[in-house]
J.: 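One structure, as structure tokens, below. Some questions next.
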2 protein chains.
Amino acid sequence: MSIGLDQIMTAAIRHLNGDPTASMAQLAGAVGVSRATLHRHFSSREELMLALGHRALDRWQQAQEAAGVTPAAGSGDPDRIGAALTALLTHLVEVTDEYGFALTDHALAVHPDLARRSDELEEREIALYSAAQRAGLIRADLPARWVSGTVFGLCVAVREGLRRGDVARREAPRLVRESFWHGAAPRETT
Amino acid sequence: MSIGLDQIMTAAIRHLNGDPTASMAQLAGAVGVSRATLHRHFSSREELMLALGHRALDRWQQAQEAAGVTPAAGSGDPDRIGAALTALLTHLVEVTDEYGFALTDHALAVHPDLARRSDELEEREIALYSAAQRAGLIRADLPARWVSGTVFGLCVAVREGLRRGDVARREAPRLVRESFWHGAAPRETT
DNA sequence: ATCGTCTGAGACGAATTTGTCTCAAACGAT
DNA sequence: ATCGTTTGAGACAAATTCGTCTCAGACGAT
């Protein structure tokens, strides 16, 4: 069996998180495999990036499913929607930690298949934010699409913070949650 | 005089905002100039990118100065600090609109000079956020450095929103302001 | 021990990009 | 009209990356 696809992809992603422009040779080295072997698994660089992109989207999708995004949005139940939102944010932080480079990599955003899937996943989240607005959990004076954008922005912020060591991994979920819900203004202390 | 450096850089940045991996030939075409002429002004690609990076940082610095970031932080006056924060957010949105690609471009982040300047500018903003915390304008249970990160994240969100047409240009400042200060939770209606 | 499979090392050509160079044409100022 | 400057077009070599290929060695199963 030698080496598994998963190990290759995992190591490649880890390396790409640090250097998004790494060549196939660099990636092979980082994986601990010869360039020839890397090409035996992924016949071209684009194929590798496509696979990595799909993997990142898989994880994103799993995060949504684990949080019960779509069922919660359809239920209209404020409690379920609130729970789904909280769970989603936590899961998204984890995905960001693993697949951070995918957030801003241009090559991925350009690929039609990935873009389509990404849009699809985003729409599901927007549906959740819309449902949350109807349930009174999220303010209605911000477009749900923009709310989705702020979550994306917070993920980028987490990625940067983790990369530079400014943010402790165990603190990240709380920071995102607090910033997402309440921003930077002081809480109204009762 | 023929063509000015400013025009070249402006056109190059505009094009790089859409395609961050554009080659010198593509940039020359976008500028409306031959590749030879582009090389007469910037002897290498790295030199061009360095100049563009410095230009983006210039604009960022101008935004800070126009908002009076450092003086406000030093004054300790809550009113001045609050005004500086509001002004800063507005100016940052403008800079993001013009130099969005610089937010996430890897080549720029890697350059030592640019990284140093960027860190310096960020520290000034963090000083403002710290001062705002001491003045009670920003909650103290979030690290000032993280608050700076959220602003960065909101800028990335604005860039994406503008690029995809999800966010109207004139709406952007309000969205950023609201999200930064109060997040997505419904405002406590009095 | 042998066979089949997988791997690493490396050579190879193709394609792209970069930086340099030359030369002819266009342009403006005098 | 002429001179000096600037430009565009294109040729050129060098470097990098990519994808393919070959070949020898390592490995496990039988």
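Naming convention: chains lettered A, B, ... in sequence-line order (proteins, then strands); numbering from 1 in each chain.
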J.: Rounded to whole angstroms, how far apart are CE on B:Met49 and P on C:dG19?
T.: 12 Å

J.: Just the rounded figure in Å: distance from C1' of C:dA11 to CZ of A:Arg35.
T.: 10 Å

J.: Under a 4.5 Å cut-off applied to non-hydrogen side-chain atoms, are A:Trp60 and A:Arg117 in contact?
T.: no

J.: Could you state the CD-P distance from A:Gln7 to C:dC6, rounded to the nearest angstrom?
T.: 15 Å

J.: Please determine whether a side-chain nitrogen of the Lys or Arg among A:Arg14 and A:Glu98 lies less than 4.0 Å from a carboxylate oxygen of the Asp or Glu.
T.: no

J.: For the pair made of CG in A:Leu38 and P in D:dC21, what is the distance, rounded to whole Å?
T.: 17 Å

J.: DNA chain D: A:Arg45 or B:Thr37, which has the more 5' nearest nucleotide?
T.: B:Thr37

J.: With side chains defined as the heavy atoms from C-beta onward, is the minimum distance between A:Ser179 and B:Trp146 less than 4.5 Å?
T.: yes

J.: Return the value, rounded to whole Å, for the distance between atom CG of B:Leu5 and atom P of D:dT6.
T.: 13 Å

J.: Given C:dT7, is OP1 or OP2 found less than 4.0 Å from the side-chain N or O atoms of A:Ser34?
T.: no

J.: Can you figure out which of C:dT20, C:dT7, C:dC21 approaches the side chain of B:Ala36 most closely?
T.: C:dC21

J.: Taking all heavy atoms of B:Val95 and all of B:Arg59, pick out the closest pair and write down the distance.
T.: CG2-O, 3.7 Å

J.: For B:Glu46 and D:dA15, give me the distance from atom CD to atom C1', rounded to whole Å.
T.: 15 Å

J.: At 4.0 Å (heavy atoms only), tell me whether B:Gly29 reaches a base, stays on the sugar-phosphate, or touches nothing.
T.: nothing

J.: Could you tell me how far apart A:His39 (NE2) and C:dG8 (C1') are, to the nearest whole angstrom?
T.: 15 Å

J.: If I take atom CD in residue A:Gln26 and atom C1' in nucleotide D:dT16, what distance separates them, rounded to the nearest angstrom?
T.: 11 Å

J.: Looking only at the side chain of A:Arg40 (C-beta and beyond, no hydrogens), which of the listed nucleotides C:dG19, D:dT22, D:dG8 gets closest?
T.: D:dT22

